[in-house]
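So you know, we letter chains A, B, ... as the sequences are listed, proteins then strands, and number each from 1.
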Amino acid sequence: MTSIGTGYDLSNSVFSPDGRNFQVEYAVKAVENGATSIGIKCSDGVVFAVEKLITSKLLVPRKNVKIQTIDRHVGCVYSGIIPDGRYLVNKGREEASSFKSLYSRPIPVPSLADRMGQYVEAHTLYNSVRPFGVTAIFGGIDSDGPHLYMLEPSGTYWGYKGAATGKGRQTAKAELEKILDKDTELTTSEAIKQAAKVIYMAHEDNKDKEFELEISWCSIEGTKGLHKFVTGEQLEEAIEFAKSETSVADFNDSDDDDEDAENNDANVSSDDEAVDRDGDINIE
Amino acid sequence: MNGIQVDINHLKKGEVSLGTSIMAVTFKDGVILGADSRTTTGAYIANRVTDKLTRVHDKIWCCRSGSAADTQAVADIVQYHLDLYTSTYGTPSTETAASIFKTICYENKDGLSAGIIVAGFDDKTNKGEVFSIPLGGSVHKQDYAIAGSGSAFIYGYCDKNYKNDMSKDETVNFMKHSLSQAIKWDGSSGGVIRMVILTKEGVERLVFYPDEYENL
Amino acid sequence: MFRNNYDGDTVTFSPTGRLFQVEYALEAIKQGSVTVGLRSKNHAVLVALKRNADELSSYQKKIIKCDSHMGLSLAGLAPDARVLSNYLRQQCNYSQLVYNRKLSVEKAGHLLSDKAQRNTQSYGGRPYGVGLLIIGYDNSGAHLLEFQPSGNTLELYGAAIGARSQGSKTYLERVLDEFIQVETADELIKIGVESLRQSLKDETLTVDNLSIAVVGKDMPFTMYDGENVSTYL
């Protein structure tokens with residue numbers, strides 16, 4: 001890594017001579033090691049899914065929920081430093097609520113994306129803060145229909161038909177492209193199953209670890225535009241589908257996306273368990 | 001005080017008042033705002049051809065009653081908000097405009113004397129809407145609204161004669177009669193009757209002189 | 001000398017995206033004495049090993065009550081735990097005042113997470129140096145949370161933090177199926193104490209150094225110290 005030792009990567013908000021902000025790039029590294037999150041946009045809504053690694057058998061199943069609701073009509077999932085994501089969602093909620101209290105209508109999703117983007121960007125401007133260690137995928141339904149965005153630690157956000165981030169993003173993206181390239185429009189109820197499949201496939205490279213699947217959706221018909229979790233039979237069905245699809249699929253050589261953490265940055269505690277390098281920070 | 005009328009005693013000594021008769025009525029093709037044109041400082045008529053119908057957005061207008069200074073200032077602020085809103089989110093709804101009026105009127109209720117009726121035409125739904133925001137800063141969505149000191153005299157008349165989905169001519173006529181009575185019985189209302197008609201076609205202004213409306 | 005340049009503050013990411021100051025804060029937990037938490041369907045229990053500075057000094061308090069339905073034990077910097085438990089007490093009080101409702105354990109966890117997160121993203125402060133085990137009983141039953149200075153809070157059936165806590169954790173994993181079925185608080189406490197023993201080195205459990213707390217169905221948060229723990233030794 002050329003950035004190390006130059007001194008330009010030690011503080012946020014500092015440009016290197018070639019115009020880069022290394023602290024932001026390092027924040028992206030925190031995301032790239034996080035659990036896989038995805039989002040799919042359909043004609044009638046959006047679907048979110050995330051891989052929840054089971055790092056201990058003492059964890060209570062189906063608790064420790066990761067997907068969050070920003071406003072009644074907007075959902076959010078993220079990879080990276082989870083507490084940062086929670087903080088970002090809290091900010092998003094504040095924006096959504098202040099919009100509603102002034103204008104008496106729900107915030108349009110593109111405006112929410114803009115405000116959250118500005119907030120994240122502001123964290124790249126000052127050396128008194130660090131950038132957000134998350135990439136967030138969020139979206140929902142407003143008066144203009146469904147929207148899906150992915151927001152990066154730099155504050156950049158793009159609209160997506162299918163978005164993926166976290167450790168398994170490469171595999172997930174490839175799968176999403178296959179799903180979304182088809183001519184037939186995907187419906188949300190179909191996308192729930194596909195989302196489950198994508199997470200299962202993205203997990204293949206990480207097979208030794210157990211995981212739980214979490215899915216949520218906003219659908220014009222299915223949830224009346226509100227953001228809701230997929231539960232019960234619907235979830236079981238999606239998992240069944242994902243399992244049956246992944247067991248038959250043949251896997252070509254694994255695409256190496258984890259630029260394995262080179263350990264040339266000084267030593268730290270030769271330690272026992274400080275951080276789960278592969279999962280989210282400190283989930284034991 | 002019943003909360004609907006404007007408390008004119010609240011004004012400072014010498015403050016210019018819109019002791020007023022205003023109303024806004026939804027009808028088949030949209031909404032019509034109407035007002036008298038008298039502005040007073042105590043017993044003196046400071047302006048006999050005032051325009052109390054104020055634009056805050058292309059097809060969202062308001063009728064102002066209470067302090068002239070306060071309501072002009074509030075309308076200016078709302079206009080600013082709606083301009084900003086338009087450039088970031090597109091055309092605002094009448095409800096959104098009413099909500100901004102409300103926020104300002106409510107949060108400054110101790111300092112303002114403003115009784116406002118917000119009326120607008122929504123090009124998406126093709127419907128006129130009326131929101132009344134009386135003194136305390138509450139919001140009331142209504143088919144039609146009347147306010148100002150003169151309104152006290154026409155509650156009965158309006159209740160008896162208003163009909164849903166009237167034609168434009170019917171509505172203008174209804175309002176002309178209503179305001180004429182308000183002006184007749186209220187000492188601080190008078191001058192001409194002004195109207196603004198908001199429909200799909202756009203904005204249309206009408207003026208009626210005393211000769212015409214006094215002998216209906 | 002090989003020096004780590006990326007561990008000086010909480011606002012600097014390492015080139016691999018790690019926050020060393022936060023990781024070091026996690027190490028602070030291991031400096032504290034061990035505490036174990038576990039729960040069944042109807043009860044949640046905390047068991048902790050108290051330390052004293054020397055023979056003549058008193059023992060450091062390990063368990064703090066927050067409300068009649070909630071309390072916590074700590075490992076790491078006790079002053080930080082006081083700040084956090086005072087905050088939780090305030091929030092419990094606020095919930096009662098404003099919503100006329102007991103603060104849910106899940107919400108308590110989120111509040112702590114969000115508070116701790118702030119200390120990891122801005123310059124001039126440090127992350128909290130304490131780990132907490134929070135137990136409580138609310139509308140959705142008995143709960144146990146593990147709070148970390150990183151801002152992560154996890155809901156678990158059993159947890160152990162502090163010095164040599166791995167022994168307790170391994171034990172809990174082994175008897176997991178057994179203790180989640182347990183009916184009485186008494187049995188659960190016994191398993192908790194046994195689990196705590198797995199992390200002991202030179203110490204032996206006495207009436208002076210063992211602290212126990214329990215909360216559950218029809219049972220407000222209760223702490224046992226001194227002679228009251230003798231039956232569990």
Can you tell me how far the [atom1] atom of [X] sits from the [atom2] atom of [Y], to the nearest 0.5 Å?
{"X": "Thr153(C)", "Y": "Asn64(A)", "atom1": "OG1", "atom2": "CG", "value": "9.0 Å"}
{"X": "Arg130(A)", "Y": "Leu19(C)", "atom1": "CZ", "atom2": "CG", "value": "4.5 Å"}
{"X": "Glu155(C)", "Y": "Leu58(A)", "atom1": "CD", "atom2": "CG", "value": "12.5 Å"}
{"X": "Phe13(C)", "Y": "Ile81(A)", "atom1": "CZ", "atom2": "CD1", "value": "4.0 Å"}
{"X": "Ser14(C)", "Y": "Gln23(A)", "atom1": "OG", "atom2": "CD", "value": "8.5 Å"}

How about [X] and [Y]: do any of their side-chain heavy atoms sit closer than 4.5 Å?
{"X": "Tyr6(C)", "Y": "Asp9(A)", "answer": "yes"}
{"X": "Tyr123(C)", "Y": "Tyr126(A)", "answer": "no"}
{"X": "Asn12(A)", "Y": "Thr12(C)", "answer": "no"}
{"X": "Pro61(A)", "Y": "Tyr157(C)", "answer": "yes"}

Could you please state which residues from residues 113-122 of chain C sit under 4.5 angstrom from chain A, measuring non-hydrogen atom to non-hydrogen atom, sorted by number, or 'none'?
Ser113(C), Asp114(C), Gln117(C), Arg118(C), Thr120(C), Gln121(C), Ser122(C)
Around atom [atom1] of [X], are there more than 12 heavy atoms of other residues, nucleotides or ligands at under 6.0 Å?
{"X": "Glu106(C)", "atom1": "CD", "result": "no"}
{"X": "Glu210(A)", "atom1": "CD", "result": "no"}
{"X": "Arg197(C)", "atom1": "CZ", "result": "yes"}
{"X": "Tyr8(A)", "atom1": "OH", "result": "no"}

Heavy-atom closest pair, residues Pro83(A) and Ser150(C):
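Result for this residue pair: CG-O, 3.2 Å.
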Would Val60(A) and Arg39(C) count as a side-chain contact (heavy atoms from CB on, under 4.5 Å) here? Give the steps.
CA-CA 11 Å; Val60(A) 181; Arg39(C) 77 139 162 106; 3.8 Å; yes
Residue, of Asp9(C), Leu172(C), Val11(C), that accumulates the most heavy atom pairs under 4.5 Å with chain A:
Val11(C)
Chain C contact via Asn90(A) - side chain, backbone, both or neither, heavy atoms under 4.5 Å:
side chain
Please state whether the side chain, the backbone, both or neither of Phe132(A) comes within less than 4.5 Å of a heavy atom of chain C.
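Both parts, backbone and side chain.
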Portion of His110(C) that has a non-hydrogen atom of chain A nearer than 4.5 angstrom
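Its backbone and side chain both get close to chain A.
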Contacting moiety of Leu176(C), where chain A heavy atoms sit under 4.5 Å:
side chain
Tell me, please, which residues at least two apart from Phe48(A) pass ring-ring contact (aromatic ring centres under 6.0 Å, His included).
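Here the qualifying residues are His227(A).
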Can you check whether Glu173(C)'s main-chain N or O pairs, donor with acceptor, with Lys57(A)'s side chain at less than 3.5 Å?
yes
